[in-house]
2 protein chains.
Amino acid sequence: MNIGEAATQSGLPAKTIRYYEEIGFIMPHRGANGYRDFSDKDVHVLRFLGRSRSLGFSIDHCRTLLALYQDQGRASADVKRVAQQNLKEIDDKIADLQAMRETLAHLIRECAGDDRPDCPILKDLGNLTG
Amino acid sequence: MNIGEAATQSGLPAKTIRYYEEIGFIMPHRGANGYRDFSDKDVHVLRFLGRSRSLGFSIDHCRTLLALYQDQGRASADVKRVAQQNLKEIDDKIADLQAMRETLAHLIRECAGDDRPDCPILKDLGNLTG
DNA sequence: ATAAGGCTTCCAGCTACTGGAAGGTCAAGG
DNA sequence: CCTTGACCTTCCAGTAGCTGGAAGCCTTAT
């Protein structure tokens, strides 16, 4: 099938599919006209990648996961390790964002939000007290 | 003062300071030798930027905030609006990450993590059921 | 004189795509 | 047969916000 059909079936944009080929995730055949010709297996890999990415796995993690996926003899422990590492990275990001969020929300609550110039948000950013 | 001292006082790497000059946040004077010569005001702006960035404001938001900061007649409502928009973006990111986190944590809990090949994580990624 | 450290510019690269230009290909309609 | 439009191709550039490194000048100390 052509890239448009592969895009529809995998849920990924054609641009992304070309990119995934470029970085070696898939190697679709080429027709006489130079068009890519995707197999069902290619599409399956693309869907695997789409799902992995949507769960926050990096491209590097995806590479590992895909190798494990295609290795019938893998140990689930290896997969779990990658997933746990990703979970930790996600948790770290969430913690960072939560900390930002609290500080920012506090400043917003303090700010009158009217047409006067006095503003605790700017006061904090300007770090006038420290 | 030289860029090294400005870096120390602002808490930003020299590379970042040069970048901030490049994108127009500061315009330090230059000495006869071509070295940048930072004023206390420059450093103050750099600290403002560092604090803003650490609260998750984008460079574009920083531009707006800095303009408001330097405008003595601004309305605090304008500042609050930018902050609220940033808060919303942060909240959206947190929500995305939370959703990922839940799904991933669930899959990890299901996975035995031993040396057998059977793995619910890969099963989900491979999307065998749908 | 020389060595170390700081400063300069410029170019490249990071993540994971995304947009767009220039041009080849294919199927349908007149 | 020709055209139109949708599709495909490659390649280059850009996104956010820096970061690393090379090549080379300046300063200070020995």
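Below, chain A is the first sequence line, B the second, and so on; all start at residue 1. Just so it is clear, the structure is predicted and the values come from calculations on it, not from any experiment.
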Rounded off to whole Å, could you give me the [atom1]-to-[atom2] distance for the [X] and [N] pair?
X     : N      : atom1 : atom2 : value
A:F25 : C:dC17 : CZ    : C1'   : 13 Å
A:N2  : C:dG24 : CG    : C1'   : 14 Å
A:L12 : C:dC17 : CG    : C1'   : 11 Å
B:M1  : C:dC7  : CE    : C1'   : 16 Å
A:E21 : C:dC17 : CD    : C1'   : 15 Å
B:E22 : C:dA12 : CD    : C1'   : 13 Å
B:E89 : D:dA16 : CD    : C1'   : 13 Å
B:D37 : C:dC7  : CG    : C1'   : 13 Å

(request) Measure from the side-chain heavy atoms of A:I3 and tell me the nearest of D:dC18, C:dT8, D:dT9. (result) D:dT9
(message) If you only use heavy atoms from C-beta on, which nucleotide in C:dG24, D:dT19, C:dT9 is closest to the side chain of B:T16?
(response) D:dT19
(message) With a 4.0 Å cut-off on N to O distance, would you call B:D124 and A:R51 a salt bridge?
(response) yes
(request) Let me know, please, whether B:F38 or A:Y19 comes out on the 5' side of the other along DNA chain C by nearest nucleotide. (result) B:F38
(message) Return whichever of B:Y20 or B:K15 has its heavy-atom-nearest nucleotide of DNA chain D closer to the 5' end.
(response) B:Y20
(request) Using only heavy-atom distances, determine whether the side chains of A:D114 and B:S76 contain a donor-acceptor pair under 3.5 Å. (result) yes
Taking only N and O in the side chain of [X], is any of them less than 4.0 Å away from OP1 or OP2 of [N]?
X     : N      : result
B:R36 : D:dC26 : no
B:R18 : D:dG17 : no
B:N33 : D:dT27 : yes

(request) Scan residues 53-66 of chain B against DNA chain C and write down, sorted by residue number, each residue with any heavy atom closer than 4.0 Å; if none is found, say none. (result) none
(request) Indicate, with yes or no, if B:Y35 and B:I26 share a hydrophobic cluster defined by side-chain heavy-atom contacts under 4.5 Å among Ile, Leu, Val, Met, Phe, Trp and Tyr. (result) no
(request) Kindly indicate whether the side chain of A:R47, heavy atoms from C-beta on, has any atom under 4.5 Å from the side chain of A:L12. (result) no
(request) Check whether any side-chain heavy atom of B:C62 sits under 4.5 Å from a side-chain heavy atom of B:F25, and report yes or no. (result) yes
(message) Main chain of B:I3, side chain of B:R36: is a donor-acceptor contact present, judged purely on distance under 3.5 Å?
(response) no
(request) Sequence neighbours left out, what passes salt bridge (Lys or Arg N to Asp or Glu O under 4.0 Å) with B:R101? Give chain and number order. (result) A:D91
